[in-house]
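Reading through the structure tokens given below for one structure.
These numbers were taken from a predicted model, which means no experiment stands behind them.
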Amino acid sequence: MGNYSMPKYFQNMKQVGKGLKKIDEENQKLVKEVEAEIKKLRDEMHAAGTPDEKITAKNQLTALERIANLVDEGTFCELNSLYNPQDFSTGTGIVKGLGRIKGKWAMIVASDNKKIVGAWVAGQADDLLRASDTAKTLGIPLVYVLNCSGVKLDEQEKVYANRRGGGTPFYRNAQLQQLGIPVIVGIFGTNPAGGGYHSISPTILVAHKDANMAVGGAGIVGGMNPKGFIDQEGAEQIIDATIKSKGSEVPGTVSIHYNQTGFFREVYSDECGVLDGIRKYMDFLPAYDLEFFRVDEPKEPALDPMDLYSIVPMNQKRIYDIYDVIGRLVDNSEFSEYKKGYGPEVVTGLAKVDGLLVGVVANAQGLLMNYPEYKENSAGIGGKLYRQGLVKMNEFVTLCGRDRLPIIWLQDTTGIDVGNDAEKAELLGLGQSLIYSIQNSNVPQMEITLRKGTAAAHYVLGGPQGNDTNAFSLGTAATEINVMNGETAATAMYSRRLVKEKQAGNDLQPIIDKMNKLIDEYKEKSTPSYCATTGMVDEIVDLYDMRNYMIAFINSAYQNPKSICAFHQMLLPRAIKEFETFFKK
């Protein structure tokens, strides 16, 4: 039976999903067109700023090259590549994602030295906070590949002083260290002011020989008599001070912070040496051998993940079998389902990813006859949430928390049932109860919006709003996130106006035009690229690449868990068996 615990629970689970009968070439084409568009946008974002050849001419590596030299080959899973909430011409000025370094997973942030030499720009601070949130949720090191020239001074008001602005990441770094999560930095180039605090806030500092960090940069000259404005006399003073400062040493160089203050732990003569230094300190860190937590040999899905291009419909109204999706993402397509048939609008259960246990919650699709139970002669709609489904998810998340199991959410929801029947069935309270259960679980979670993420259902289904539990959220080529679809929103906004204009005998066309304009805006503001740019998801991922992100998440979650439940003390697998046995009788 091998060396794995509890084989009757965790090995040879039931396989789910059916083989693909026919390739849907039209759907494949539509999915791949969107994926190609996302790749083009990502490539454009990476290419923006100083051309690569100019960086190379300075004997520097680009941020992407630094990351490639830092991580174990093929392990980098980029996040927030398109995130640009302030619509800045070169994005937020950083490259980030999960990567394995010397066999250990870390959250990696690299200053993009192609973009104003890694300067703080609008949106960057929030992007950095997302990185520290991921590191905290997963309990993995935060690694900076730093080359930050300070604040973009002519837009300081978009960068600096608010609760999620420049400065907040330094407090987060302090918090991570207080939680026992190390922050490691390799320092390149000039890092003044905010870049200096960026440099000094980590736990371990290794530097390139030409790097510096300082409270202020050489460009901040003194000796003036401040007047609140610049006149001819002031301009002359600036010129004199600048000329005098040219011969002086740049503040905060290696000669200061290695030879005197000792802030720099090590100094390297070339860029790859700095990256090797980071790798060395990562190697010093504790981490469980994942075999400690494995319940089975890692296996590829028994069903081909490339089938997802035919299975996940771009047409939002087409249904599909969620088991066909699960079977193409998890080890050997095995899935042990919790309370199958109860709350049929959602599927919950245990699976394995890279031989490690994970809880899975997913929306089912299609008609649900004679359901929900609180409505007579009704037919439920898959993707919508009802009482039983909310109760089941509350139980499942609570059991995962109790058994210390990470959770993956596969979301495709049109919202929560509405109306007085739904209110009497306590759906409002049960939705908030699920939020409470998620927050109370204290286990890492990731969420994939396969297609629709709608209304409150989006955040009660493990959405990114759960900052203490959601490590990151992914989208696909079919992702569409909004409060409601455009037509429903237009009806909600203008239905009474239509009645009023009709009763007054007025032409309805102006109102109809406004409704269609709103519908078009909803479409534009719900696309995958829009969701990625505004941060509704952390990355749009190709369908075939979703499993790689799942592996990165699961490996990270088990690397140094905050707490452990022994396999033989777990309740969830036993609850699954008990439910199955009861209904067989």
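- If you take OG on Ser149 and CD1 on Ile116, they are separated by 7.0 Å, rounding to the nearest 0.5 Å.
- The closest side-chain heavy-atom distance from Tyr320 to Val325 is below 4.5 Å.
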Legend entry - side chain to side chain contact (heavy atoms under 4.5 Å, CB included) evaluation trace for Val443 with Thr469: CA-CA 6 Å; Val443 292; Thr469 52; over 6 Å; no

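- Within the 3.5 Å criterion, the main-chain N or O of Gly118 finds no donor-acceptor partner in the side chain of Ser111.
- Pro85 is listed as a side-chain neighbour of Thr92, based on a closest heavy-atom distance under 4.5 Å.
- For the atom pair CD1 (Ile311) and CG (Asp324), the distance works out to 5.0 Å, reported to the nearest 0.5 Å.
- In terms of modelled atom types and a separation under 3.5 Å, the side chain of Ser378 and the main chain of Pro372 share a donor-acceptor contact.
- Side chains of Asn363 and Asp412: a donor-acceptor N/O pair is absent below 3.5 angstrom, by distance only.
- Note: Trp120 and Phe170 have perpendicular aromatic rings, judged against thresholds of 30 and 60 degrees for the angle between ring planes.
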Legend entry - side chain to side chain donor-acceptor pair (under 3.5 Å) assessment of Glu447 paired with Ser473: CA-CA 5 Å; Glu447 181 265 331; Ser473 287; 2.9 Å; yes

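- Taking a 6.0 Å sphere around CD1 of Ile512, one finds it holds more than 12 heavy atoms contributed by other residues, nucleotides or ligands.
- Here Asp417 does not pair with Arg387 in a salt bridge; the nearest charged N to carboxylate O distance is not below 4.0 Å.
- Atom CG of Leu390 sits about 8.5 Å away from atom OG of Ser433, to the nearest 0.5 Å.
- One N or O on the side chain of Gln388 and one on the backbone of Gly343 form a donor-acceptor pair closer than 3.5 Å.
- Without hydrogens or angle criteria, Asn147 side chain to Asp112 main chain gives no donor-acceptor distance under 3.5 Å.
- Counting heavy atoms from C-beta on, the side chains of Glu300 and Asp331 never come closer than 4.5 Å.
- Relative to the ring axis of Phe472, Arg130 does not place its NZ or CZ within 45° and under 6.0 Å from the centre.
- Atom CE of Met493 is separated from atom CG of Leu498 by 12.0 Å, given to the nearest 0.5 angstrom.
- Remark: the backbone N or O of Leu308 is not paired with any side-chain donor or acceptor of Arg328 at under 3.5 angstrom.
- Using a distance-only test at 3.5 Å, with no hydrogens or angles considered, a donor-acceptor pair links the side chain of Asn27 to the main chain of Met314.
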Inset, instruction - Applying side chain to side chain donor-acceptor pair (under 3.5 Å), run through Ser437 and Asn394 and close with a yes or a no. - result: CA-CA 6 Å; Ser437 296; Asn394 268 285; 2.7 Å; yes

Inset, instruction - Go through the steps to decide whether Leu41 and Glu44 satisfy the test side chain to side chain contact (heavy atoms under 4.5 Å, CB included), and finish with yes or no. - result: CA-CA 5 Å; Leu41 292 172; Glu44 288 173 352; 3.9 Å; yes

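- Interatomic distance, Thr534 OG1 to Asn84 CG, rounded to the nearest 0.5 Å: 10.5 Å.
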Inset, instruction - Just do the side chain to side chain contact (heavy atoms under 4.5 Å, CB included) check on Glu345 and Lys384 with the steps written out, would you? - result: CA-CA 7 Å; Glu345 74 272 25; Lys384 188 167 282 190; over 6 Å; no

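- Using modelled atom types, no side-chain atom of Glu501 and backbone atom of Gln509 make a donor-acceptor pair closer than 3.5 Å.
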Legend entry - Audit row: Asn516, Asp513, side chain to side chain donor-acceptor pair (under 3.5 Å) steps and yes/no: CA-CA 5 Å; Asn516 285 322; Asp513 290 343; 5.1 Å; no

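- Looking at Lys523 and Glu480, no side-chain N of the basic residue comes within less than 4.0 Å of a carboxylate O on the acidic one, giving no salt bridge.
- Residues Asp542 and Lys32 are not paired through a salt bridge, judged by the lack of any N-O separation under 4.0 Å between the basic side chain and the carboxylate.
- The structure places CH2 of Trp409 at 9.5 Å from OG1 of Thr348, a figure rounded to the nearest 0.5 Å.
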Inset, instruction - Please assess Ile322 against Leu450 for the test side chain to side chain contact (heavy atoms under 4.5 Å, CB included), listing each intermediate value before the final yes or no. - result: CA-CA 10 Å; Ile322 189 60; Leu450 284 173; 4.0 Å; yes

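- Salt-bridge check for Lys152 with Asp154: passed, with a basic side-chain N closer than 4.0 Å to an acidic carboxylate O.
- Between Leu427 and Ile416 there is a side-chain heavy-atom pair separated by less than 4.5 Å.
- Leu405 is listed as a side-chain neighbour of Leu572, based on a closest heavy-atom distance under 4.5 Å.
- Taking the ring centre of Tyr374 as origin, the terminal cationic atom of Lys424 falls outside the region bounded by 6.0 Å and 45° from the ring axis.
- With hydrogens and angles ignored, the 3.5 Å screen pairs a side-chain donor or acceptor of Thr479 with a backbone N or O of Thr449.
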Legend entry - Verdict with reasoning, Ser81 to Glu539, per side chain to side chain donor-acceptor pair (under 3.5 Å): CA-CA 7 Å; Ser81 62; Glu539 194 71 19; 2.6 Å; yes

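- With hydrogens and angles disregarded, no donor-acceptor distance shorter than 3.5 Å links the side chain of Lys115 to the backbone of Gly91.
- A donor-acceptor distance shorter than 3.5 angstrom exists from the side chain of Gln316 to the backbone of Ala478, with no hydrogens or angles considered.
- A heavy-atom distance below 4.5 Å is not found between the side chains of Val358 and Leu350.
- Side-chain atoms of Lys136 and Gln175, non-hydrogen and from C-beta on, do get closer than 4.5 Å to each other.
- When side chains are defined from C-beta on, Ile435 counts as touching Gln432, because their heavy atoms get closer than 4.5 Å.
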